[in-house]
Amino acid sequence: GNGYPLAALVTTAEIAKEFAQKHSYFNTFAGSPVAAAVGLAVLDVIEEEGVLQNVRDTGRYLESGLRELGERFDRIGDVRGKGLFRGIELVRERAGREADPEAATKIRERLRADGVLLGVTGPHQNVIKVRPPLVFSRGDADRLIETLESALQWLH
C-alpha cells in the first residue's frame with residue numbers, strides 16, 4: 001500500500017472456514033475498492049519503474065560493501081540478509097563471537113548523529129538492522145557504508 005493501510009491474506013478454504021467458525025473478525029478496511037486501487041497502482045509502479053531489479057542490483061552492491069567492512073573490522077561477526085534487508089552482527093571479537101550489544105547501540109547512535117537511521121535487533125540486541133525503502137540507491141548504499149566505516153573506526 002506504500003503507506004496506505006492495505007493487507008492481503010492467502011489461505012485455503014478449509015483454514016478460512018475454521019477461522020470463521022472460531023473467531024468473530026471485523027475490519028474497516030476489508031473489501032475496500034480504494035485499498036484495492038491503491039494496491040494495484042503500487043504494483044504498477046513497482047513494475048514500471050523496475051523497483052525489484054533495483055532491489056536485486058543495489059542489494060548485491062550493499063552486500064559486497066558490508067562484507068568488505070566485515071573483513072576489515074574484527075567487531076563484525078557476520079553480515080547476513082537478502083536484497084536490501086541486511087543484518088550486521090557486532091561482537092567483542094570475531095574469534096570469540098561474543099555478542100556486543102553495547103557496541104551495536106553505540107554504532108546506531110553514532111550513525112543517527114551522522115544522519116543514518118538504522119535499528120538494533122537480535123536476541124542479544126547486537127545486530128544492526130538495515131531495511132531501507134525499495135528505492136534505496138547505490139549512492140544511498142555508498143553513504144551507509146562510508147558512515148558505518150567511520151562509526152566502526154570511531155568505536156575502536
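Just so you know, these numbers use all the heavy atoms, side chains as well, and skip hydrogens, waters and symmetry mates.
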Around atom CD of Gln53, are there more than 12 heavy atoms of other residues, nucleotides or ligands at under 6.0 Å? yes
Answer with yes or no whether the hydrophobic clustering places Leu118 together with Trp154; edges join I, L, V, M, F, W, Y residues whose side-chain heavy atoms lie under 4.5 Å apart. yes
Under the salt bridge (charged side-chain N to carboxylate O under 4.0 Å, His left out) rule, what pairs show up with a residue in residues 136-156, not counting sequence neighbours? Arg72-Glu149
Can you hop from Leu155 to Val91 via hydrophobic side chains spaced under 4.5 Å? no
Would a hydrophobic clustering, with Ile, Leu, Val, Met, Phe, Trp and Tyr connected at side-chain separations under 4.5 Å, put Phe73 with Leu111? yes
With the side chain counted from C-beta on, respond yes when Leu90 and Ile128 share a heavy-atom pair under 4.5 Å apart, and no when they do not. yes
Under 4.5 Å between side-chain heavy atoms, hopping through other hydrophobics if needed: is there a path connecting Val42 to Tyr4? yes
Please determine whether the number of non-hydrogen atoms from other residues, nucleotides or ligands lying under 6.0 Å from atom CZ of Arg131 exceeds 12. no
Please tell me if the side chains of Asn54 and Asp57 come closer than 4.5 Å, counting only heavy atoms from C-beta onward. no
Residues Pro5 and Ala35: closest non-hydrogen pair is O-CB, 4.2 Å
Count the heavy atoms of every other residue, nucleotide or ligand shown that sit under 6.0 Å from CD of Glu14, and state whether that count exceeds 12. no
Non-hydrogen atoms of His124 and Ala99 that approach each other most closely: CB-CB, 3.6 Å
Return yes when atom CD of Glu109 has more than 12 non-hydrogen atoms of other residues, nucleotides or ligands closer than 6.0 Å, and no otherwise. yes
More than 12 heavy atoms of other residues, nucleotides or ligands under 6.0 Å from CG of Asp114: is that the case? yes
Hey, quick one: are Tyr61 and Leu144 part of the same hydrophobic cluster, counting side-chain heavy atoms closer than 4.5 Å, chains of contacts allowed? no
Residue pair Glu98 / Glu93, side-chain heavy-atom distance below 4.5 Å: no
CD of Glu48 to CG of Leu43, rounded to nearest 0.5 Å, is 10.5 Å
Between atom OG1 of Thr12 and atom CD1 of Ile15, what is the distance when rounded to the nearest 0.5 Å? 3.5 Å
Working for side chain to side chain contact (heavy atoms under 4.5 Å, CB included), residues Glu89 and Ile76: CA-CA 6 Å; Glu89 181 183 14; Ile76 296 179; over 6 Å; no
Walk me through whether Ile107 and Arg75 qualify under side chain to side chain contact (heavy atoms under 4.5 Å, CB included). CA-CA 11 Å; Ile107 292 288; Arg75 301 299 292 272; over 6 Å; no
Side chain to side chain contact (heavy atoms under 4.5 Å, CB included) partner of Val130, chosen from Ile88, Leu84, Val79: Ile88
Closest non-hydrogen atom pair, Ser150 against Arg110: OG-NH2, 4.2 Å
Would you compute the distance between atom CG of Leu62 and atom CZ of Phe136 and round it to the nearest 0.5 angstrom? 5.5 Å
Should Glu102 and Lys106 count as an ion pair when the cut-off is N to O under 4.0 Å? no
With a 4.5 Å heavy-atom cut-off, do Asn126 and Val120 have their side chains touching? no
Would you indicate whether the side-chain heavy atoms of Ile46 and Leu52 approach each other to under 4.5 Å? yes
Strictly below 4.0 Å, N to O, side chains only: are Arg67 and Glu71 in salt-bridge contact? no
Any donor-acceptor pair under 3.5 Å from Arg94 side chain to Gly70 backbone: yes
